[in-house]
Amino acid sequence: MTYIKHYESPLGALELIATDTHLTHVLFREAQKKPSRQLQETLENSPIIDECIRQLDAYFKGELKDFDLPLLPGGTDFQKLVWETLKSIPYGKTISYLELSRRLGNEKAIRAVGVANGNNPLTIILPCHRVIGSDKTLVGYGGDLWRKEWLLRHEGSLPKQEQLNLF
């Protein structure tokens, strides 16, 4: 059985999809690169989705740094390898696409790594937002760059924006 639930995050609605045993998708519904089809919520409850929501709530409150969920992203072997490698990027840290390619043992695969990173079906859970340009610029996020920036600020890898005192 496939379960679908929509979750309202500080970054907009997320579409959570799970099987009986694994989480398969966490996607921004209103991003430029949105899910290929907008799915209706299922009426049945899913323990996997319930746990995902609990962990997302804790993450957004700043109480959780590492997700612990059974994951089953669909993709090629190469994509799965890239997505698995994303788990090694610590909370509050970033790496470049070049560094990610090096960690995979082939720095010449940087474009393929970027494409795989951009097709990550488990946004936030597999932290593709922690991969940035070699020059430290925020590039290549399927959930829109403003969300990537928000996530990195939330995790502390970008400084918080200061309020200007106008008076």
Side-chain angles (χ1 to χ4, degrees), residues 2-7 9-19 21-36 39 46 48-106 109-133 138-158:
T2 299
Y3 303 90
I4 302 155
K5 182 132 179 128
H6 300 135
Y7 170 81
S9 80
L11 299 170
L14 291 169
E15 188 166 274
L16 312 177
I17 305 174
T19 66
T21 58
H22 293 86
L23 186 67
T24 62
H25 294 82
V26 174
L27 301 168
F28 290 109
R29 287 181 56 88
E30 290 113 20
Q32 183 176 2
K33 187 176 182 178
K34 58 178 101 337
S36 59
L39 302 173
S46 161
I48 302 292
I49 289 180
D50 291 345
E51 180 60 18
C52 180
I53 289 171
R54 189 192 70 69
Q55 290 188 32
L56 283 168
D57 284 343
Y59 170 82
F60 285 119
K61 289 177 187 171
E63 299 168 354
L64 179 83
K65 294 183 179 180
D66 297 306
F67 292 92
D68 183 20
L69 296 160
L71 307 176
L72 188 63
T76 67
D77 289 344
F78 179 76
Q79 287 174 321
K80 291 176 185 178
L81 181 60
V82 171
W83 300 333
E84 186 64 28
T85 306
L86 294 174
K87 292 181 190 177
S88 70
I89 308 169
Y91 181 97
K93 303 290 183 193
T94 60
I95 66 169
S96 69
Y97 288 93
L98 181 60
E99 175 60 26
L100 183 55
S101 299
R102 286 178 178 150
R103 288 184 184 187
L104 292 165
N106 184 357
I110 189 168
R111 287 185 191 270
V113 165
V115 170
N117 199 54
N119 287 315
N120 173 13
L122 289 157
T123 191
I124 302 172
I125 308 299
L126 296 177
C128 56
H129 59 277
R130 295 179 190 157
V131 184
I132 62 174
L138 304 185
V139 294
Y141 190 61
D144 300 332
L145 287 179
W146 71 268
R147 286 186 178 95
K148 182 174 191 161
E149 180 179 359
W150 190 99
L151 289 164
L152 293 176
R153 288 192 194 288
H154 174 71
E155 294 182 0
S157 55
L158 287 179

Next on the checklist: side chain to side chain contact (heavy atoms under 4.5 Å, CB included), that's the test. Do K5 and I53 meet it? Break it down for me.
Outcome noted: CA-CA 10 Å; K5 182 132 179 128; I53 289 171; 4.0 Å; yes
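Looking at H25 and P121, their side chains come closer than 4.5 Å, going by heavy atoms from C-beta outward. For the pair I4/L16, no side-chain contact is recorded, criterion being any heavy-atom separation below 4.5 Å from C-beta on.
Atoms CZ and CH2, from F60 and W150 in turn, are 5.5 Å apart once rounded to the nearest 0.5 Å. Taking CD1 from I17 and CG from L23, the interatomic distance works out to 9.0 Å, rounded to the nearest 0.5 Å. Taking CG from L100 and CD1 from I89, the interatomic distance works out to 6.0 Å, rounded to the nearest 0.5 Å. Note that CG of D50 is 10.5 Å distant from OH of Y3, once rounded to the nearest 0.5 Å. One finds the CD atom of E51 at 8.0 Å from the CG atom of D68 (value rounded to the nearest 0.5 Å). Rounded to the nearest 0.5 Å, atoms CG (N117) and CD1 (I110) are 11.0 Å apart.
Under the 3.5 Å distance criterion, the side-chain polar atoms of S96 are left unmatched by any main-chain donor or acceptor of I132. Using a distance-only test at 3.5 Å, with no hydrogens or angles considered, no donor-acceptor pair links the side chain of N120 to the main chain of W83. No donor-acceptor pair closer than 3.5 Å links the side chain of H154 to the backbone N or O of E149. Although no hydrogens or angles enter the test, the distance criterion places a donor-acceptor pair under 3.5 Å between the side chain of K148 and the main chain of V131.
For R103, the side-chain hydrogen bond (donor to acceptor under 3.5 Å, both in side chains) partners at least two apart in sequence or on another chain are S88, E99. With sequence neighbours excluded, the residues that form a side-chain hydrogen bond (donor to acceptor under 3.5 Å, both in side chains) with K87 are E84. Under the rule for a side-chain hydrogen bond (donor to acceptor under 3.5 Å, both in side chains), Y97 has no partner lying at least two apart in sequence or in another chain.
Between E155 and R130, at least one side-chain N (NZ, or NE/NH1/NH2) sits under 4.0 Å from a carboxylate O, which counts as a salt bridge.
The minimum heavy-atom distance linking A109 with S101 is given by the pair C-OG, 3.8 Å. Of all the heavy atoms in L14 and S9, the pair that sits closest is CD1-CB, 4.0 Å.
Under 3.5 Å, the side chains of R29 and H6 contain a donor-acceptor pair of N or O atoms.
Note that R147 lies outside the cation-pi zone of Y141, set by a 6.0 Å cut-off to the ring centre and a 45° limit from the axis.
Just one of L122, L86, N119 meets the side-chain contact (heavy atoms from CB on, under 4.5 Å) condition when paired with C128; it is L86.
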